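One structure is given below, encoded as structure tokens.
Because the structure is predicted, anything quoted here is derived from the model rather than measured. Hydrogens, waters and symmetry mates are skipped; everything else that's a heavy atom, side chains included, is used.
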Amino acid sequence: MSFLTFDTESNQRKSFELPGAKPHYNPDRPGQVNHIFLDLKINLEERHLQGVCRLTLTPVRPGIRQLVLDAVDLKIAWVLVKGVSQHFDHDGDRLTIDLLQPLTVEPVTLEIQYELKNPRRGIYFIQPDRHYPDKPVQVWTQGEDEDSRYWFPCFDYPGQLATSEIRVQVAKPYRVISNGSLIEQKDLGNEQVFHWSQSQIHPTYLMTLAIGDFAEIADHYGDLPVRYYVEKGREEDGQRSMGKTPRMIEFFHQTFGYPYAYPNYDQVCVADFIFGGMENTSTTLLMDRCLLDERAALDNRNTESLVAHELAHQWFGDLVVIKHWSHAWIKEGMASYAEVLWTDHEYGQDEAAYYLLGEARNYLAEDSSRYRRPIVTHVYREAIELYDRHLYEKGACVYHMIRAVLGDELFFKAVHTFVNDHAHSTVETIDLLRAIEKATGFNLLWLFDQYVFRGGHPEFEVSYSWDNDNKLAKLTITQTQAKADSDHKDLFNLKIPVAFNFLEAEKITTQVIPLQLKEREQVFYFPLHRKPDFVSFDQGNNFLKTVELAYPLAELKAQCTHDPDPISRIQAAIAIAKQGDLEAVEFLGERLQKESFWGVRVEIAEQLAGINLDQAGTLLIQGLAKNDHPKVRRAIIASLAKIKTSASYEAIKKCLAQGEASYYAESAAATALGSLGTGLLKDNEGEIIKQLSEILQTRSGWNEVVRCGAIAGLSKLTTSPAAVDAILPYTENGTPQPLRLASIRALGAVSVGQSPEKLTEILEQLKAIAQEEFFLTQVSVTSALGQMETPKAVSILQNLANQTPDGRVRRMAEEAVKKVQGKIGSDEKIKNLQTNLEKLQQENQDLQSRLAKLETQFAQTSSSKENQQN
């Protein structure tokens, strides 16, 4: 599954474990489920399902008199065993069957007739309505984590694997796609039957069906049918978005050392999907917003990564199945790392390194601002809470560290061993450790203990100096996450390679020294033949960490220019920017134009925006004129939004007037325009609102990206009632979904600084929207309320948390309550101090810019006089 969330509180982090969290274990197993057969009749218009579930079970022991199945909100008609009616009790959540005869160890088939109407979860009926008359008619299911119980009775946990069949009767012209092979399609006049069979075992959460009037795009990988299903009229977008699938299948076959295990591979793009994608066995469901038009494909690789992620799950997650949710990182971490592997294969090493940096940063952001937890934990309220940045992105980083420790050859040998040893069976984290040891002889428990079974990561501060008299390089390395008086429980014990690099003609000579880092502060001296030109800490940047470099400026410049690793160049650029003087600005401005890799240019642009010198803005504008890469342009535009000068304003207006090749760059320009309408440029507020309103009226397009940028721009104008008035209409039903969700979130952002009357208007709108049941709407309204600074937002959030059936929304709402309560604890004096501080910072920037300009002029004059004297 892909999303587009126990240590006690430390470093001001909140605890992962919320009230009500408890240890979770798989239930006692009465037997092995061999086969599940669902015989269903589905009425799409009435949102009704009637069916029979036949479940074949081999008891694990004789004498069992009672079976308990998961069956939420299902209306149970009867239960039969060998054709004989059984007594049962259904409390709305569990179906308890009291057997007339105790079970032997022979297989037995339960037959359960049931129905459901207007389901809350598990199975979703999508229909047009008065607000969205063009919405397609569809039905689709979503089982992960434990939602299959909402559409058929089952033992709903991943430790049970069974073959399955799904037979569905529906009205024409709709077709049904499900797991495995289509073994029968029968015409019944106005209706038809589709009968699918999955002959390989899998858990209930991977059973699926999707119903709609889809267009089919046929592709293949050798003799393997590969199909893409999209809404009719979007066939070109479907091929553009999923067309690399056959090559991905070949790549993952080789990478994981096991051929694709199923008779076909289908991808179905459905409306209103609540995740990015879901890796049901042989049949992945994707949100239809992932479909790219030609312009979106210019700089959007998110869809390609999503396709790779869900396909990789066909091995990690579907072929090799987790036994319990607490070990979900095994599949989600590898599927996320598969995105990195595919990026490396398709686009090269630099692209993969930068992609992995993004994964690490996503985890680090959650760790610093939300909570810290071990990757593997069985203490939670609902299993879906585990599906967070620790599970996905940190999990990906752990796989990369395993690869770094073992080396490529042994890493992939270990992966092959793990997959082949556990194909079509369940695994826990210990099984991965054992496979690594079996294949390579290495015991990596030390790595798992530090990164998987406990929370956190090392935070390094590295300082370097050179003793020219004794030809000694000095490195002082501090683990700043550990307090000076700690008992070492927060320390990491890692062997980190440090490279001393020497520039010689047009090549780099490198001396690599591995350092065992296990103390809070360690000082190292290295005798070298000459002063190194630059130093690379953690050569290759393979370990998950944060690092701050305290190097002389000359070494940082050399590293930023010459280090072959783009991440090291980025780290040097960050360290240079912290120096904040004119020399640093001019160097970064030069690198913004000369750096070869777009990812480093993006980072340099962001660093320039944080330097309080007017010259930084000038260099960004120059960089904008000389950079065609859409992602670099997007970064420069966003950076100019932080430099509130008339020159920045004119540059952004020009971008919007001329248009950008990239949707995202144009969207960034619209957002930047709003950001510039505060502070010194507040007099331009009316003109900015007019421009952004015009964009909202004229620039509809793919997924509403540009108009969402305009909405985000309006949300920056936090004291403008006119901005609120411009946003509010787009929060109404009938607005295209992506734009509506962005507008709902924007109401929270724009609320800060509004008059009491406007604040009340915003709250009333959000309160009404909070009554809606659609998951993505609830997420957006929670985000909006969490940005507000009024106690009235708290009551709306609390009501939403109490009423929502979704555990993710409940957690987000509860976290938002604490966030709002923290904000309203500050008084007016703090706000006034903040205003005064911002004013002083602006005055200081002006003075520094003038001083830097005078120093440059003085240096130029002195140089000119010196030349005349010579």
[X] to [Y] - nearest heavy-atom pair and separation:
{"X": "L619", "Y": "E586", "answer": "CD1-CA, 4.0 Å"}
{"X": "F587", "Y": "T561", "answer": "CZ-OG1, 3.5 Å"}
{"X": "I249", "Y": "W315", "answer": "O-CH2, 4.0 Å"}
{"X": "I322", "Y": "H327", "answer": "CG2-O, 3.3 Å"}
{"X": "A439", "Y": "A414", "answer": "CB-CA, 3.7 Å"}
{"X": "I508", "Y": "P564", "answer": "CD1-CD, 4.2 Å"}

- Task: Mind running side-chain hydrogen bond (donor to acceptor under 3.5 Å, both in side chains) on E366 and Y392 for me, showing each step along the way?
- Result: CA-CA 12 Å; E366 180 173 84; Y392 287 77; over 6 Å; no
- Item | Six-ring centre of Y337, R403 cation under 6.0 angstrom, axis tolerance 45° | no
Rounded distance [0.5 Å steps], [atom1] in [X] versus [atom2] in [Y]:
{"X": "E548", "Y": "T546", "atom1": "CD", "atom2": "OG1", "result": "7.0 Å"}
{"X": "E250", "Y": "H345", "atom1": "CD", "atom2": "NE2", "result": "8.5 Å"}
{"X": "I636", "Y": "S648", "atom1": "CD1", "atom2": "OG", "result": "12.0 Å"}
{"X": "L491", "Y": "Q479", "atom1": "CG", "atom2": "CD", "result": "5.0 Å"}
{"X": "M248", "Y": "Q314", "atom1": "CE", "atom2": "CD", "result": "13.0 Å"}
{"X": "T478", "Y": "R520", "atom1": "OG1", "atom2": "CZ", "result": "6.5 Å"}

- Message: Run the side-chain contact (heavy atoms from CB on, under 4.5 Å) test on K594 and K626 for me, step by step, so that the C-alpha distance in whole Å, both residues' side-chain angles and the decisive distance to 0.1 Å come before the verdict.
- Response: CA-CA 10 Å; K594 292 184 177 180; K626 296 186 178 181; over 6 Å; no
Cationic N near anionic O, under 4.0 Å, [X] to [Y]:
{"X": "E339", "Y": "R301", "result": "no"}
{"X": "R361", "Y": "E606", "result": "no"}
{"X": "D421", "Y": "R434", "result": "no"}
{"X": "E583", "Y": "K557", "result": "yes"}
{"X": "R247", "Y": "E346", "result": "yes"}

- Task: Run the ring-centre check on F256 versus F418 and record whether the distance is less than 6.0 Å.
- Result: no
- Item | Ring centers of F251, W342 separated by less than 6.0 Å | yes
[X] versus [Y]: any side-chain heavy-atom pair under 4.5 Å?
{"X": "S536", "Y": "D565", "answer": "no"}
{"X": "L624", "Y": "I637", "answer": "yes"}
{"X": "V462", "Y": "V498", "answer": "no"}
{"X": "E359", "Y": "H400", "answer": "no"}
{"X": "Y355", "Y": "S305", "answer": "yes"}
{"X": "T245", "Y": "Y221", "answer": "no"}
{"X": "L432", "Y": "V427", "answer": "no"}
{"X": "E310", "Y": "E279", "answer": "yes"}

Using a 3.5 Å cut-off and no angle test, enumerate the donor-acceptor pairs between side-chain atoms of residues 522-529 and protein atoms at least two apart in sequence or in another chain.
unit_1	atom_1	unit_2	atom_2	d
Q522	OE1	K518	N	2.8
Q522	OE1	E519	N	3.0
Q522	NE2	Q516	O	3.2

Per-pair distances, 0.1 Å, donor-acceptor, side chain in residues 572-579, under 3.5 Å, sequence neighbours excluded:
none

Please check if the side chain of [X] supplies one atom and the backbone of [Y] the other of a donor-acceptor pair under 3.5 Å.
{"X": "S336", "Y": "E393", "value": "no"}
{"X": "S463", "Y": "A550", "value": "no"}
{"X": "R373", "Y": "I375", "value": "yes"}

- Item | Candidate pair V415 and Y399, rule side-chain contact (heavy atoms from CB on, under 4.5 Å), full reasoning | CA-CA 10 Å; V415 169; Y399 274 110; 5.8 Å; no
- Determine the interplanar angle of the F453 and F448 rings, folded into 0 to 90°, and report it as parallel if under 30°, tilted if 30 to 60°, perpendicular if over 60°. tilted
- Where do E351 and W598 land on the side-chain hydrogen bond (donor to acceptor under 3.5 Å, both in side chains) test, with the steps shown first? CA-CA 9 Å; E351 297 269 1; W598 68 265; 2.9 Å; yes
- May I have the step-by-step check of ring pair (Phe, Tyr, Trp, His ring centres under 6.0 Å) for H390 and F16, ending in yes or no? CA-CA 11 Å; H390 287 67; F16 169 72; 7.8 Å; no
- Item | F492: which of F460, W446, Y451, F543 passes ring-ring contact (aromatic ring centres under 6.0 Å, His included) |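 By the ring-ring contact (aromatic ring centres under 6.0 Å, His included) criterion, F492 pairs with just one of F460, W446, Y451, F543: Y451.
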- Message: Checking N541 against Q571 for the side-chain hydrogen bond (donor to acceptor under 3.5 Å, both in side chains) test, could you report, in this order, the C-alpha distance in whole Å, the side-chain angles of both residues, the deciding distance, and whether it holds?
- Response: CA-CA 10 Å; N541 283 288; Q571 291 171 349; 2.9 Å; yes
- Item | From CA spacing to verdict: side-chain contact (heavy atoms from CB on, under 4.5 Å), V535, F537 | CA-CA 6 Å; V535 181; F537 177 76; 5.7 Å; no
- Item | Any residue meeting ring pair (Phe, Tyr, Trp, His ring centres under 6.0 Å) with Y664, in chain and number order, not counting sequence neighbours | none
- Query: Pick one: which of R591, E603, Q559, E595 meets side-chain contact (heavy atoms from CB on, under 4.5 Å) with R569?
  - Reply: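 Of all the options given, the one that passes is E595.
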- Message: Walk me through whether I477 and E521 qualify under side-chain contact (heavy atoms from CB on, under 4.5 Å).
- Response: CA-CA 6 Å; I477 302 172; E521 181 175 288; over 6 Å; no
